Structures are given as structure tokens and as C-alpha cells.
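Beneath this line is the structure, given in C-alpha cells, with notes to follow.
Fair warning: this is a prediction, and the values are worked out from it, not measured in the lab. Note that the numbering runs from 1 along the sequence shown for the chain.
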Amino acid sequence: MTPLTIRPAVIPGELDLFNSFPYTLNTQIAGDLAAGRRRPEWLWLALRGDRIVARAAWWSRPGDEHPLVMDILDVAAGHLEDAVRLVETALPTPAPEYTRFLPPDWRRSDADTWLTVLERCGAKPFVERLRLHWEPGTPVAEPSGRLTFRPPRDAGELIDLMTLVLEGTLDAYSRQELTRMTAREAAAEQYREELARYPSPPEWWRVATLPGGEPVGFVIPGHNGYNPIIAYIGVVPAHRGRGHIDDLLAEGVRVLVAQDVPRIRAATDVGNVPMAAAFGRAGFHVFERQFDMTW
């Protein structure tokens, strides 16, 4: 058998070779490289002769020194061991989480060689998520009149509300964070590392209040560099169970529709049944699943 070679891809000369495996992210790689979300040294190939038998890639936010997530791993039929060697060779320390986008009806099968490779390399399933899509022309609920919406007064107000909504959260990542830090610390970190780094303006963000001015929750419409999104939405514990989530979600959609967006994306854990149901009532449909693993 032709010897195995494992190395980073030579970009841009080998971009077509790297993309010879079909995957939904292929169309984004060139743009990610230009924007600094990927680096050539984060795209790896396993080759036998001039044939690619496996590939792996990592992604991060522009300006980050280290990759945030491993989001590509593909394996040619019969080359599982080659892919294991690729991952063992290229995997950074500490190992970022892995995420894969899959069809909406995906269920694990023996055909998921990528999953077998990752488990052989020590990764474990963490959470499965629903990726949701809203299209222009879908009806948007009219304001119920129960709530008033305004932008947050400042970062502190939003972090305060984010801290409150972490009580009883069904989100797997939030629950994991609460095992290693306080709710306030988790909220501040998410604000700093995610929300504040979106290229969209914070003027889109909305706090919902009762007629007397008491906040009941918030919604964060935004743009993540790829799509308009509902980035975060939550109702504070004292006001849950009254249907406010539907008002908040509809307001978030209205904010983005006013920007004449071509679509809206969102995501929630499979286990977060109430949030998934709210997205469904708002006209979102599941277009993909997301499978996340950690080391």
C-alpha cells in the first residue's frame, strides 16, 4: 500500500483537493480563510500518494490565537485507521470540541465513520441540537400588547438578565458552564466572548418589560458573519409559563425582518422541548441537526 502522508493543506493551491469530500461547509472555507476564521495550518490532509483518504479542519473567531472548534472530519471508505492517525497527529492541546452538521432525520449508523474515529481518539458525545430556519414570507405574529420592547440600557442590564435566565436552564452548554463558574460569571463570559463580538449592532437587541417597566426577558437578534440569527432568548424565572417566549421570539423576528434579511437561523438542544416548540410556533423548521462531541 502507498505510504500514508499526514500534513496541513497547501492553501490556496490544494483547496479543491481539500474540498473533494462533499460537506455543507465546503463553500465557506475560502471565505473563512480570508476573514481569519480559519488558518492554513488548521486544515489537514491524510494522503496515500496523491489520493486524499481523510481530512480535518478547525475554526475560530477572527483574531483568536487558538482554534475554537473542530468542525470538519471526513474519511474515505476503508481508511478508518488513517483517519485515526490524522486526528491523533493534528489535534491541538487542549482539544477543542467537535461539531458536525447532519440531515434533519439523522440517526447514528455504521456509516458514520467520522464518529467512530473520534470515539477512538477519546471524544464523547455531548449534545445533539436542532438547527432551525425561518424564511421571508412566513407569517409573523402581531404584538400581543402585553409587553413593551426596548434595547438594553447597557451591558450590565443585559448581563443581569442573562444571569437570571440561567436558573433552571435546559441548555447543555449553559449547564456545563454552571459546574465550573457562577451564573454571573457564565453570563459575563458569554456576553464578552459571543454577543459583543457579533458584527451586527447591539441596537437590534431587545428587553421585554411589563407595563410597569419590570423586565420579563430578552431576545438577541444578530448576525454571526454567516446568517441573521436569533442568538439568545430567555424569560426570567419569575415570569415563565405565561407565553412570553412567543412574544419575545416574534419581536426578534420582526427586528430582523426590518433589516430585509434573506433568512433567519437559530438552534436549540433536542432536549429543550419547550424552546423547540416555541420556534415551531413562530414558523421555524428544522433543516439540519448538529452533533457535538467533547474530549
Which distance, rounded to the nearest 0.5 Å, do you find between the [atom1] of [X] and the [atom2] of [Y]?
| X | Y | atom1 | atom2 | answer |
| --- | --- | --- | --- | --- |
| Y232 | I220 | OH | CD1 | 9.0 Å |
| T268 | M275 | OG1 | CE | 6.0 Å |
| T113 | D74 | OG1 | CG | 10.0 Å |
| E177 | R175 | CD | CZ | 13.0 Å |
| L45 | L17 | CG | CG | 5.5 Å |
| W59 | I72 | CH2 | CD1 | 12.5 Å |

Common cluster, [X]/[Y], ILVMFWY with side-chain heavy-atom separation under 4.5 Å:
| X | Y | result |
| --- | --- | --- |
| V270 | Y98 | no |
| V273 | I245 | no |
| V127 | L118 | no |
| L80 | L86 | yes |

Residues clustering with M181 (ILVMFWY side chains joined when closer than 4.5 Å, directly or via others)
none
Please tell me if the side chains of [X] and [Y] come closer than 4.5 Å, counting only heavy atoms from C-beta onward.
| X | Y | value |
| --- | --- | --- |
| P221 | P228 | no |
| L170 | P274 | yes |
| V87 | R120 | no |

Under a 3.5 Å distance rule, please check whether [X] uses its side chain to pair with a backbone N or O of [Y] as donor and acceptor.
| X | Y | result |
| --- | --- | --- |
| N224 | Y226 | yes |
| W114 | A111 | no |
| T99 | D71 | no |
| T209 | P215 | no |
| D154 | G156 | yes |
| D171 | S174 | yes |

Over 12 foreign heavy atoms within 6.0 Å of CZ, R153:
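Not buried by this count: 12 neighbours or fewer within 6.0 Å.
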State whether the number of non-hydrogen atoms from other residues, nucleotides or ligands found under 6.0 Å of Q259 atom CD is greater than 12.
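It does: Q259 CD has more than 12 such atoms within range.
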Nearest heavy-atom neighbours spanning [X] and [Y]:
| X | Y | result |
| --- | --- | --- |
| A196 | R192 | CB-O, 4.0 Å |
| G234 | L248 | O-CD1, 3.6 Å |
| V140 | A250 | CG1-O, 4.1 Å |

Of H244, H239, E251, the residue whose pairing with L147 passes side chain to side chain contact (heavy atoms under 4.5 Å, CB included):
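Answer after filtering H244, H239, E251: H244.
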Single hit among V75, L73, N19, L43 for side chain to side chain contact (heavy atoms under 4.5 Å, CB included) with R55:
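For R55, the side chain to side chain contact (heavy atoms under 4.5 Å, CB included) check succeeds only for N19.
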For E97 and T294, test the side chains for any donor-to-acceptor distance below 3.5 angstrom and give the result as yes or no.
no
Please check if any side-chain donor atom of R197 sits under 3.5 Å from a side-chain acceptor atom of Y191, or the reverse.
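Their side chains do not contain a donor-acceptor pair, so the 3.5 Å distance test is not met.
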With a 4.0 Å cut-off, would you call [X] and [Y] a salt bridge?
| X | Y | result |
| --- | --- | --- |
| D292 | R100 | no |
| R61 | E194 | no |
| E14 | R7 | yes |
| D246 | R146 | no |
| D112 | R107 | no |
| E142 | R254 | no |
| E135 | R265 | no |
| E88 | R85 | no |

Dump the intermediate steps for salt bridge (charged side-chain N to carboxylate O under 4.0 Å, His left out) on R108 and E119, then the final yes or no.
CA-CA 13 Å; R108 181 172 182 170; E119 289 180 331; 2.8 Å; yes
May I ask you to check if R206 and F149 form a cation-pi contact, with NZ or CZ under 6.0 angstrom from the six-membered ring centre and within 45° of the axis?
no
Distance under 6.0 Å and angle within 45° of the ring axis: does R289 meet both against F101?
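Relative to the ring axis of F101, which defines the angle, R289 lies outside at least one limit.
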CA sep, side-chain torsions, deciding dist, call: D247, S144, side chain to side chain donor-acceptor pair (under 3.5 Å):
CA-CA 7 Å; D247 292 322; S144 68; 3.1 Å; yes
Pick one: which of Y173, F291, W295 meets ring pair (Phe, Tyr, Trp, His ring centres under 6.0 Å) with F126?
Y173
Derivation of the salt bridge (charged side-chain N to carboxylate O under 4.0 Å, His left out) call for D160 and R184
CA-CA 7 Å; D160 286 343; R184 177 78 185 187; 2.2 Å; yes
Tell me, please, which residues at least two apart from H133 pass ring-ring contact (aromatic ring centres under 6.0 Å, His included).
H285, F287
Worked verdict on E157 versus R150 for salt bridge (charged side-chain N to carboxylate O under 4.0 Å, His left out)
CA-CA 12 Å; E157 181 188 32; R150 59 167 174 79; 2.6 Å; yes
